[in-house]
Amino acid sequence: GGLEVAQAVGADLLLCLAALAWGHSLLARLHLYHRSVSEEAIFSFSLGLLALSLLGSLLGAVGGLYGWIVWLCSLLVLITHWDHLEHFALSFRQGLRAKVLWDGSSAEVLALVAGVLGLLAVLGLCLAPVTFYDALSYHLASVQTAVLTGRAQPQTDNLFTWLPDLVQPF
């Protein structure tokens with residue numbers, strides 16, 4: 001019902017904030033990118049999603065892929081990288097005061113369009129009902145087994161779980 005949808009949206013929001021904060025921390029630490037705030041946010045979010053994906057793969061490989069561990073790690077990322085989220089809030093507030101939220105350069109417009117289209121595609125894939133036999137029998141079965149056992153490991157009856165580095169479920 002509505003409560004489950006609200007919980008799922010809240011969980012997604014927390015994961016997105018954790019990805020944004022962790023990604024910006026990586027950008028700042030490695031001195032990779034400093035340009036407009038919108039491009040910085042897109043690159044930070046992408047790097048953060050990569051880091052969270054690698055964390056999920058690592059937890060699955062060592063048998064620690066349980067919900068409470070994932071949420072604990074996500075909250076730890078949010079707490080330790082909160083100042084990076086404040087950076088975006090301050091930049092957004094300064095842009096509002098100056099009435100200039102973005103430069104409007106062609107690179108920035110392209111990055112924003114690509115980011116929005118990517119998010120819409122992911123949203124569409126997430127909301128589509130799972131009815132295809134391959135998805136139900138192979139892909140989701142490996143994720144369900146990983147969640148139940150806390151370990152991402154190959155299954156004898158599922159060829160897709162033997163793909164490189166066991167990252168296929170993620």
Side-chain angles (χ1 to χ4, degrees), residues 4-35 37-89 91-92 111-112 114-128 130 134-136 138-156 158-170:
E4 292 172 352
V5 171
Q7 287 175 339
V9 168
D12 289 342
L13 181 62
L14 284 177
L15 286 175
C16 287
L17 287 174
L20 183 65
W22 201 0
H24 188 262
S25 169
L26 292 171
L27 281 180
R29 181 168 294 148
L30 300 174
H31 305 291
L32 288 178
Y33 200 83
H34 294 286
R35 195 164 158 129
V37 177
S38 58
E39 288 179 351
E40 190 176 7
I42 290 171
F43 287 120
S44 296
F45 186 65
S46 301
L47 259 179
L49 287 178
L50 175 68
L52 287 175
S53 177
L54 291 174
L55 177 64
S57 297
L58 178 68
L59 287 173
V62 298
L65 191 61
Y66 293 104
W68 67 272
I69 293 176
V70 171
W71 287 115
L72 184 65
C73 290
S74 298
L75 288 174
L76 186 62
V77 166
L78 275 174
I79 290 169
T80 58
H81 297 90
W82 188 257
D83 55 329
H84 295 281
L85 292 177
E86 288 177 343
H87 161 76
F88 287 113
S91 298
F92 183 72
L112 285 172
V116 168
L117 289 176
L119 285 174
L120 287 175
V122 168
L123 181 65
L125 288 173
C126 290
L127 296 177
V130 182
D134 184 55
L136 291 172
Y138 295 106
H139 301 287
L140 291 178
S142 63
V143 174
Q144 182 182 22
T145 302
V147 169
L148 291 174
T149 63
R151 187 177 207 59
Q153 59 189 5
Q155 301 167 9
T156 56
N158 192 338
L159 172 68
F160 293 100
T161 59
W162 291 87
L163 291 176
D165 297 327
L166 299 175
V167 296
Q168 188 270 338
F170 307 104

Distance-only, no hydrogens or angles: does the S53 side chain make a donor-acceptor pair with backbone N or O of L49 under 3.5 Å?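 Side chain of S53 to backbone of L49, a donor-acceptor pair under 3.5 Å: no, none is there.
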S91 side chain vs H87 backbone, donor-acceptor pair below 3.5 Å: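 Yes, S91 side chain to H87 backbone: donor-acceptor pair under 3.5 Å.
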Exercise: identify the closest heavy-atom pair between A21 and L85: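 For A21 versus L85, the nearest heavy atoms are CB-CG, 3.7 Å.
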Which heavy atom of A11 sits nearest a heavy atom of W71, and at what distance?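 Nearest pair, atom of A11 first, then W71: CB-CH2, 3.4 Å.
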How long is the gap from [atom1] on [X] to [atom2] on [Y], to the nearest 0.5 Å?
X	Y	atom1	atom2	result
L17	H84	CG	NE2	14.0 Å
L52	F45	CG	CZ	9.0 Å
I69	L55	CD1	CG	10.0 Å
L20	L47	CG	CG	11.0 Å

Checking F88 now: which residues fulfil ring pair (Phe, Tyr, Trp, His ring centres under 6.0 Å) with it, not counting sequence neighbours?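 Ring pair (Phe, Tyr, Trp, His ring centres under 6.0 Å) list for F88, sorted by chain: H24.
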List the steps, then state whether side chain to side chain contact (heavy atoms under 4.5 Å, CB included) holds for W22 with L26. CA-CA 6 Å; W22 201 0; L26 292 171; 4.3 Å; yes
L14 vs S74, test: side chain to side chain contact (heavy atoms under 4.5 Å, CB included). Steps then yes/no. CA-CA 8 Å; L14 284 177; S74 298; over 6 Å; no
